[in-house]
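Scope of the values below: all heavy atoms of this structure, side chains included, with no hydrogens, waters or symmetry mates. Treat the numbers as computed from the prediction; the structure is a model and nothing was measured. Below, chains carry the letters A, B, ... as their sequence lines are ordered, and counting in each starts from 1.
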Protein chains: 2
Amino acid sequence: MKAKPLNADSSTEEKIKAAARKLFTQQGFAAVRTRDIASEAGINLALLNYYFRSKEKLFEIIMLENLGHFFQGVAIIVNDEKTSFYKKIELLVDFYVTRLLNNPDVPLFVLNEARNNPQKLPMQFNLMDSFFMKQFFTEVKAGKVKAMNPGHLLINIMGLSIFPFAAKPMIQRVRGISDKEYESLMIERKKLVPEWIKSMLEVKK
Amino acid sequence: MKAKPLNADSSTEEKIKAAARKLFTQQGFAAVRTRDIASEAGINLALLNYYFRSKEKLFEIIMLENLGHFFQGVAIIVNDEKTSFYKKIELLVDFYVTRLLNNPDVPLFVLNEARNNPQKLPMQFNLMDSFFMKQFFTEVKAGKVKAMNPGHLLINIMGLSIFPFAAKPMIQRVRGISDKEYESLMIERKKLVPEWIKSMLEVKK
DNA sequence: GTCTATAATTCGATAGAC
DNA sequence: GTCTATCGAATTATAGAC
């Protein structure tokens, strides 16, 4: 078995992937030119086609990576039988916000891809069959949380966690705040969103 | 002054605009070919350039229309001095959901545009100076609602109202529900989102 | 593996007939 | 106003030298 080179991340292949990841994620497939990727990677256009056969192949690799950012880890969180219902909400929000702080362009990319190529989304992963959902129904039956269509719960968790990243440029425009301020707002949300979700689920006396 | 033709909506110009609106809104500027627009409109490519000088000009028209869907009406709602703080929240949510039920592709389009061309967004419209925000601060000072960074309030209202439309294909994929079911979920949200926002703002005793 | 040069295709835009 | 035919620029992909 061949040993991986020590500097796998600085190999030419990785440089191209890094450039492609940046540009594709920010601008989408159609808006990016392979020339731009090559230039961003500091290499030649021909070399890009030498490593990856085509623009499509390279894009698919990046897409799978980005989808991973979105779905990887979620399955583990929602199916852990040792954590409580509310703890899972905290973990989910923290997971999304933490990951997206480092990859703020991923949400729009994934949402666009989901619309343009829904068949490429991981289908096996059915949130409705998760242990998290079982816990939700248990809480509802016990009268501990308000009954609602579980779709609302999922939309609310994701909407409150993910939307602010997808809408960052728009919100910064209508509010006029800096990148730094926006980041600290997002960090605040790690704590606030679970509290809000809790309030929404609270049974009124 | 010349009278408008009675069938303005079926004129060639309108047919082209309708086709462009559909394709640009669904796929974005770069992914759409002028040939596709012409074909969708049932006319020739040359005719498209006869009516609108270029792809860019046509796109700008569509973009302004779509931005209108998003911002038009919001300014009126948030600056009405006769409606209460909570009433405005109800009106905002209803406005977004109602409009987006008929234009479900607009949110992703606007979010993409806001990122790609932030300078083209209407800047004059500063939500922070609105009467709605004054009312929020009044409520906070009176101890009637929880204090929070007003950015969170805006993000939450928009996230809970708009995100489900931007994420529709993804959510349908992970939940496996039909278009019809999804629509009734959205209609439910007109009533539920304002209630949830209220819960989030409630001062705990 | 990496480059230069170029082939092959696509796409926006126009010329010119009707 | 509307069409066919085509130009010219841009872009993906490859051939071939080093």
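Shown here for B:Ile77 and B:Lys88, the closest heavy-atom pair between the two residues is O-CE, 3.3 Å. Closest non-hydrogen pair, A:Glu40 versus A:Lys22, comes out as OE2-NZ, 3.0 Å. Taking every heavy atom of both residues into account, A:Asn116 and A:Pro118 meet most closely at C-CD, 3.5 Å. When every heavy atom of B:Lys17 is checked against every heavy atom of B:Ile62, the shortest pair comes out as O-CD1, 3.7 Å.
Rounded to whole angstrom, the span from the CG atom of B:Leu47 across to the P atom of D:dT4 amounts to 11 Å. One atom, CG of B:Leu23, and another, P of C:dC11, lie 14 Å apart when rounded to the nearest Å. B:Glu14 places its CD atom 14 Å from the P atom of D:dG1, with the value rounded to the nearest Å. Distance, A:Phe29 CZ to C:dT10 P: 13 Å, rounded to whole Å. As a whole-Å value, the separation of B:Lys55 NZ from C:dC11 P is 9 Å. For B:Tyr51 and C:dT14, the OH to P distance is 17 Å, given to the nearest whole Å. Look at CZ on B:Phe52: it is 14 Å from C1' on D:dG1, rounded to the nearest Å. We find that CZ of A:Arg33 is positioned 16 Å from P of D:dA9, with the value rounded to whole Å.
When the shell of 6.0 Å around CD of A:Glu181 is examined, it contains more than 12 heavy atoms from other residues, nucleotides or ligands.
Candidate nucleotides D:dA13, C:dT14, C:dG12 were compared by shortest atom distance to the side chain of B:Asn49, and C:dT14 ranks first. Considering only side-chain atoms of B:Leu45, the nucleotide from D:dA13, C:dG12, C:dT2 that sits closest is C:dG12. For A:Glu56, whose side chain is taken as the heavy atoms from C-beta onward, the closest listed nucleotide among C:dT2, D:dA13, C:dG12 is D:dA13.
Residue B:Thr12 has no polar side-chain atom (N or O) positioned under 4.0 Å from OP1 or OP2 of D:dG1. Contact check, A:Tyr50 against C:dT2: no side-chain N or O comes under 4.0 Å of OP1 or OP2. OP1 or OP2 of D:dC3 has not a single side-chain nitrogen or oxygen of B:Asn44 nearer than 4.0 Å. At C:dG12, one or more side-chain N or O atoms of B:Thr34 fall inside 4.0 Å of OP1 or OP2 (strictly under the cut-off).
Checked against a 6.0 Å centroid threshold, the rings of A:Phe59 and A:Phe109 count as neighbours.
The side chain to side chain contact (heavy atoms under 4.5 Å, CB included) with B:Leu58 is formed by just one residue from the set B:Phe24, B:Phe29, B:Tyr51; it is B:Phe24.
Between the side chain of B:Arg35 and the base of C:dG12, at least one donor-acceptor pair of N or O atoms lies under 3.5 Å.
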Close N/O contacts between protein and nucleotides 16-18 of chain C (under 3.5 Å):
none

